[in-house]
Amino acid sequence: MHEFRYVNGKLYCENVSIEALVKEHGTPLYVYSQKTLTHHFQALDGALAPLPHMVCYSVKANSNASVLRCLANLGSGFDVVSEGELRRVSGAGGDPRTCVFAGVGKTVAEIEYAMGQGIFAFTVESEAELERINRVAARQKVKAPVAIRVNPNVDAMTHPKITTGTYSNKFGIPFEEVEAVYARARKLKNVGLRGLHMHIGSQLTEVKPFEQAVRKVAPLVERLVPKYGLDFFSIGGGLGIVYESALASGDPAWWKTDAAKDILTAESFGAALVPLLKPLGLRILVEPGRFISGNAGILVTRVEYVKPIGSKNFIIVDAGMNDLIRPALYGAKHEIVPVVRKSGPEISSDVVGPVCETSDTFCSDRPLPKVGEGDFLAIMSTGAYGFSMTSTYNSRPLPAEVMVNGRLAALVRFRQYLPRIWEAEKLPRWLKFHRLPPTVD
Ligand SMILES: *Cc1c(COP(=O)(O)O)cnc(C)c1O
């Protein structure tokens with residue numbers, strides 16, 4: 001579900017016209033719907049209401065301060081993977097005591113900082129990390145709250161690059177070894193064993209892999225609780241979203257079709273998992289990123305050129321893979337729709353960016369309305385892993401971001417000022433004072 005729809009042929013975010021936004025702020029432009037963010041958070045929070053629980057929004061999906069503040073106001077906790085993300089959360093008004101810190105490569109400095117902030121827990125990915133956390137905690141004379149990440153070795157049936165819960169990837173501690181690790185961890189004086197964690201992958205569009213993983217891990221939890229007094233079980237994030245939205249087909253009844261029936265929703269997630277989790281009697285954590293912010297954002301781009309080559313029709317736009325890398329990185333398919341609808345036949349087209357890479361392609365051979373220079377297109381469902389994965393490749397500035405709330409719209413990040421891209425660079429002395437005259441033969 002989301003709050004992007006056409007009103008008299010023009011695309012709106014809530015009550016704000018996208019055309020008006022791009023006229024004011026230019027393109028490429030990310031636009032977020034606060035109502036959609038709120039709706040997704042509340043739906044999931046509500047579905048888990050029968051359990052003591054905490055929804056920890058995964059900051060890496062979209063870390064804009066306004067997104068974080070909106071979620072903090074709703075009572076969200078946060079899942080962070082770096083000191084930078086933890087600082088962002090605090091800066092946006094989130095509470096470090098609601099933060100879990102995940103990731104396979106936490107540095108000593110990051111552990112020191114997070115401990116000083118009194119985070120809820122570290123999710124630990126290896127024994128070496130446990131020992132490191134123990135050493136840092138001993139120096140600070142505190143007990144570090146930890147949850148060990150179990151790799152349940154279930155196939156999340158998602159894209160190979162975003163599967164994390166099988167033994168062919170770097171995450172967590174193998175299911176069979178976890179109990180031995182807890183036994184050894186107990187001997188570490190400055191580590192407090194508080195929970196168990198898992199996260200099996202991302203963009204899971206069915207509830208079945210979650211169910212499988214919970215069924216497999218629940219007996220382990222039951223064995224660990226009396227021994228170590230754990231008080232929470234984090235089932236991670238990974239809840240998928242619909243990338244083919246109802247918008248392009250223009251069919252609002254799409255959500256009532258058979259195709260929509262099997263979609264993972266907060267309700268189906270809760271209905272399947274609450275009965276399995278409730279008997280554990282623990283606080284349950286979920287760490288959704290994409291599910292909260294994915295459908296809440298779009299990337300608006302301007303058509304620069306239309307270039308027919310042979311049987312191909314290339315629509316060259318001003319957003320590139322540096323603004324949205326998901327299609328190039330994972331082969332992700334995003335719905336692309338015109339900001340102003342026109343009648344007429346559709347043409348099989350490739351929407352491509354200006355970056356000098358063939359993978360700078362947003363879609364191939366897709367029927368799209370005829371567009372021309374100066375028209376605007378919206379790349380849908382880019383609220384997660386969109387802006388947060390941007391780069392300045394090709395020395396292109398980071399795009400601007402806007403937040404919409406009802407009739408209100410606000411710029412929540414300025415388009416990057418070009419010289420910012422190279423301001424941290426400096427010449428070494430031997431180049432600075434040595435300049436060859438141009439050689440012209
Ligand atoms: C990335 C990540 C998440 C969020 O994943 P989504 O697919 O965006 O829900 C949650 N937990 C951990 C440990 C992660 O690494």
Side-chain angles (χ1 to χ4, degrees), residues 37 40-41 43-45 47-48 53-64 67-68 71 76-82 84-86 89 98-106 110 114 119-126 129 146-152 156-166 169-173 195-207 209-210 213-214 217 232-243 264-266 269 273 284-297 325-326 329-330 332 381-389:
L37 281 174
H40 288 146
F41 177 86
L44 191 57
D45 199 36
L48 299 174
H53 72 278
M54 184 156 81
V55 178
C56 294
Y57 169 68
S58 192
V59 172
K60 70 180 187 285
N62 185 327
S63 50
N64 184 283
V67 171
L68 301 181
L71 293 168
S76 185
F78 297 92
D79 164 48
V80 302
V81 292
S82 69
E85 285 191 351
L86 185 52
V89 169
T98 66
C99 289
V100 284
F101 194 144
V104 295
K106 299 174 198 80
E110 285 179 317
I119 62 163
F120 184 77
F122 291 94
T123 57
V124 174
E125 305 250 5
S126 64
E129 185 191 330
V146 309
I148 289 171
R149 176 169 180 174
V150 55
N151 181 335
M157 317 271 271
T158 181
H159 190 282
K161 287 192 184 162
I162 48 180
T163 292
T164 56
T166 71
N169 53 63
K170 67 182 176 185
F171 299 100
I173 287 172
L196 181 72
H197 172 259
M198 67 177 184
H199 172 69
I200 58 174
S202 198
Q203 181 54 12
L204 277 64
T205 50
E206 287 176 62
V207 79
F210 290 108
V214 169
V217 173
F232 75 90
F233 176 29
S234 172
I235 60 171
L239 294 83
I241 62 167
V242 179
Y243 279 100
L264 185 131
T265 60
F269 184 80
L273 297 181
I284 302 300
L285 266 59
V286 283
E287 304 162 355
R290 189 190 316 267
F291 186 79
I292 303 284
S293 64
N295 287 145
I325 203 174
R326 298 191 67 257
L329 190 61
Y330 312 125
S381 305
T382 47
Y385 307 104
F387 188 94
S388 63
M389 292 179 109

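Atoms within each ligand, like the ligands themselves, are counted from 1 in listed order. Note that these values count all heavy atoms, side chains included, but never hydrogens, waters or copies made by symmetry.
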Does ligand 1 have a heavy atom under 4.0 Å from the side chain of [X], from its backbone, from both, or from neither?
| X | result |
| --- | --- |
| His199 | side chain |
| Tyr385 | side chain |
| Val81 | neither |
| Ser58 | side chain |

Inset, instruction - Tell me, please: is Gly236 in heavy-atom contact with ligand 1, that is, under 4.0 Å? - result: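 For ligand 1, residue contact (heavy atoms, under 4.0 Å) with Gly236 is absent.
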Legend entry - Within-shell test, Gly238 vs ligand 1, heavy atom, strictly < 4.0 Å: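 Yes.
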Legend entry - Distance, nearest 0.5 Å, that separates OG1 of Thr98 from CD1 of Ile119: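 Answer for the OG1-CD1 pair, Thr98 versus Ile119, is 10.5 Å.
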Inset, instruction - Please round to the nearest 0.5 Å and tell me the distance separating atom OH of Tyr385 and atom NZ of Lys60. - result: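 So the OH of Tyr385 and the NZ of Lys60 are separated by 4.0 Å.
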Inset, instruction - Can you sort out the partners of Ala266 under side chain to side chain contact (heavy atoms under 4.5 Å, CB included), two or more places apart, ordered by chain and number? - result: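 By the side chain to side chain contact (heavy atoms under 4.5 Å, CB included) rule, Ala266 matches Ala43, Leu44, Ala47, Phe291.
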Provide the closest heavy-atom pair for [X] versus [Y] in the form atom of the first, atom of the second, distance.
| X | Y | result |
| --- | --- | --- |
| Asp45 | His53 | OD1-NE2, 2.6 Å |
| Ser388 | Ala61 | OG-O, 3.1 Å |
| Ile173 | Glu125 | CG1-O, 3.7 Å |

Legend entry - Side-chain donor-acceptor pair present, Ser63, Glu85, cut-off under 3.5 Å: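 Per modelled atom types, Ser63 and Glu85 side chains form no pair under 3.5 Å.
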For the 3.5 Å polar cut-off, considering only N or O atoms, please tell me whether [X] and ligand 1 meet it.
| X | value |
| --- | --- |
| His197 | no |
| Arg290 | yes |
| Gly201 | no |

Inset, instruction - Take the angle between the ring planes of Tyr57 and Phe78 and call it parallel below 30°, perpendicular above 60°, tilted in between. - result: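 The rings of Tyr57 and Phe78 stand perpendicular, inter-plane angle above 60°.
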Inset, instruction - Taking the side chain as every heavy atom from C-beta outward, state whether Val124 and Arg149 have any atom pair closer than 4.5 Å. - result: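 Result no, sub-4.5 Å side-chain heavy-atom pair not found.
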Under 4.0 Å from a heavy atom of [X]: give me the atoms of ligand 1 that qualify, with their elements.
| X | answer |
| --- | --- |
| Ser202 | 6 (P), 7 (O) |
| Pro288 | 9 (O) |
| Glu287 | 3 (C), 4 (C), 9 (O), 10 (C), 11 (N), 12 (C), 13 (C) |

Legend entry - Closest protein heavy atom (residue, atom, distance) for atom 2 (C) of ligand 1: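 Of every protein heavy atom, Lys60 NZ, 2.3 Å lies nearest to atom 2 (C) of ligand 1.
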